[in-house]
Amino acid sequence: MILVDSSLVERKDFGVDIEDRAYQFGDGVYEVIRVYGGKVFAMGQHLDRLWRSCAELRMPLPFGKDELAARFGELMKANQLSGDGIIYLQISRGVAPRVHQFPEETRPLLVAYTREVQRPLQAMENGGSVITAEDIRWLRCDIKSLNLLGNVLAKQAAVEKRAIEAILHRGDTVTEGSSSNFFIVKEGSVYTHPLSNLILGGITREIVVKLAEDLKLNLIQQAFTVDQAYGADEAFITSTISEVLPIISIDGRSIGSGAPGPVTRKLQRAFEELAGL
Ligand SMILES: Cc1ncc(COP(=O)(O)O)c(C=O)c1O
């Protein structure tokens, strides 16, 4: 089953209109929400970010957060999602005859589905390798929009080099991963790019920043260079799917000892505890 606005319908019965603006312009937003053991994790934070993305794109929503959360509950129940998985949702500006400007008469269209997704336990234990890639995305990366071609091309480049992620940089400055936020550890301090139009404010990033505070780690939200990343003692990415995932090499250069470091492990453990894992 999939959720289309307020109705649960068979996936095969849902026809997407070619003039849906998500299809034609990528004119819409999305969220990926984690489900652990059939329970939604950090729903409130995801809905807050969704509302912000919609506001930035001037897409007023015809429903409230509580209403949407309740519909997701029904969707999970209909799909019997009782283990680990995700809820994916996207909201298009709607269907209307094709013009670039906002159509006068259209209403946003929400579609959501669930999928079982296991935790990447092996990569979380052993760490992964990444490449670097020029950040060619637009300048509103803070909006979780459906325009993901820059991210798609970067991730493909990573996969072709047997890496798990592409770490993006604008000039020398590291921004974030193609589908994750990026952190380094140097001399006990943890660094990540500050919130701005150049990165997505990741929910996992937000959680890790708070956990670092609780653990009395010195977390500095400050941009750093690709060379500083190469010279880090530890590195890790964060995302809804990857949680806190150690990075052990960048562009074939070992990071620190070439194994997941103690600060990364501490944050992994704290995240698991918070999420009841
Ligand atoms: C570009 C980008 N940055 C960061 C993230 C991590 O965000 P979150 O922790 O909310 O999953 C994502 C997730 O898909 C992403 O696409």
Side-chain angles (χ1 to χ4, degrees), residues 26 28-36 40-54 56 84-91 112 115 117 119-120 123-124 128 130-159 163-170 173-184 190-212 219 221 223 235-247 264 267-268 270-272 274-275 277:
V29 300
Y30 77 107
E31 280 292 328
V32 179
I33 307 177
R34 201 59 162 114
V35 175
Y36 291 123
V40 182
F41 178 65
M43 172 82 93
Q45 283 158 285
H46 283 280
L47 293 183
D48 287 348
R49 181 171 66 184
L50 178 65
W51 254 253
R52 178 186 180 277
S53 293
C54 288
E56 292 296 323
D84 293 344
I86 55 151
I87 301 169
Y88 174 91
L89 70 113
Q90 67 174 49
I91 305 175
R115 185 181 282 289
V117 177
R119 299 176 63 210
M124 285 167 53
V130 296
I131 61 160
T132 57
E134 184 66 40
D135 194 343
I136 61 166
R137 299 173 302 163
W138 72 328
L139 294 172
R140 289 305 307 273
C141 300
D142 55 311
I143 301 171
K144 202 163 170 64
S145 92
L146 293 169
N147 280 269
L148 289 173
L149 270 181
N151 312 60
V152 165
L153 293 176
K155 183 77 94 187
Q156 180 62 22
V159 168
I164 60 162
E165 179 60 302
I167 302 303
L168 307 176
H169 54 89
R170 285 192 192 266
T173 303
V174 173
T175 50
E176 62 177 335
S178 72
S179 62
S180 59
N181 291 109
F182 184 60
F183 294 69
I184 59 171
V190 186
Y191 297 83
T192 195
H193 194 287
L195 291 179
S196 77
N197 60 312
L198 299 182
I199 69 162
L200 179 73
I203 303 304
T204 323
R205 176 192 183 281
E206 187 178 322
I207 290 169
V208 164
V209 166
K210 173 77 176 45
L211 289 173
L219 189 140
Q221 299 189 48
F236 60 90
I237 56 172
T238 62
S239 78
T240 293
I241 306 260
S242 300
E243 303 176 13
V244 176
L245 198 152
I247 297 306
T264 308
L267 287 165
Q268 278 185 309
F271 182 91
E272 288 181 335
L274 177 82
L277 300 168

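Everything numeric in this text was worked out from a predicted model, so none of it was measured. Residues: numbered from 1 along the sequence shown. Each ligand, and each atom within it, is numbered from 1 in the order the structure gives.
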(message) Just to verify, what does D142 make a salt bridge (Lys or Arg N to Asp or Glu O under 4.0 Å) with, not counting sequence neighbours?
(response)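 Here the qualifying residues are R52, R140.
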(request) Step through the shown structure and confirm whether more than 12 heavy atoms of other residues, nucleotides or ligands are within 6.0 Å of CZ on R170. (result)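 Atom CZ in R170 is crowded, with more than 12 foreign heavy atoms closer than 6.0 Å.
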(request) Could you please spell out the steps behind the ring pair (Phe, Tyr, Trp, His ring centres under 6.0 Å) verdict for F182 and Y191? (result) CA-CA 9 Å; F182 184 60; Y191 297 83; over 10 Å; no
(request) Compare all side-chain heavy atoms of F183 with those of V208 and state whether any distance is below 4.5 angstrom. (result) yes
(request) Could you pull out every protein residue that has a heavy atom closer than 4.0 Å to ligand 1, ordered by chain and then number? (result)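 Within 4.0 Å of ligand 1, the protein residues are Y30, R49, R137, K144, N151, E176, G177, S178, S179, S180, N181, L200, G202, I203, T204, T238, S239, T240.
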(message) Does anything in residues 150-159 form a salt bridge (Lys or Arg N to Asp or Glu O under 4.0 Å)? List the pairs, not counting sequence neighbours.
(response) K155-E165
When the side chains of residues 236-245 are checked against the rest of the protein, which donor-acceptor pairs come out under 3.5 Å, sequence neighbours left out?
residue, atom, partner, partner atom, Å
S239, OG, I241, N, 3.4
S239, OG, S242, N, 2.9
S239, OG, S242, OG, 3.4
E243, OE1, R119, NH2, 2.8
E243, OE2, Y36, OH, 2.7
E243, OE2, R119, NE, 2.8

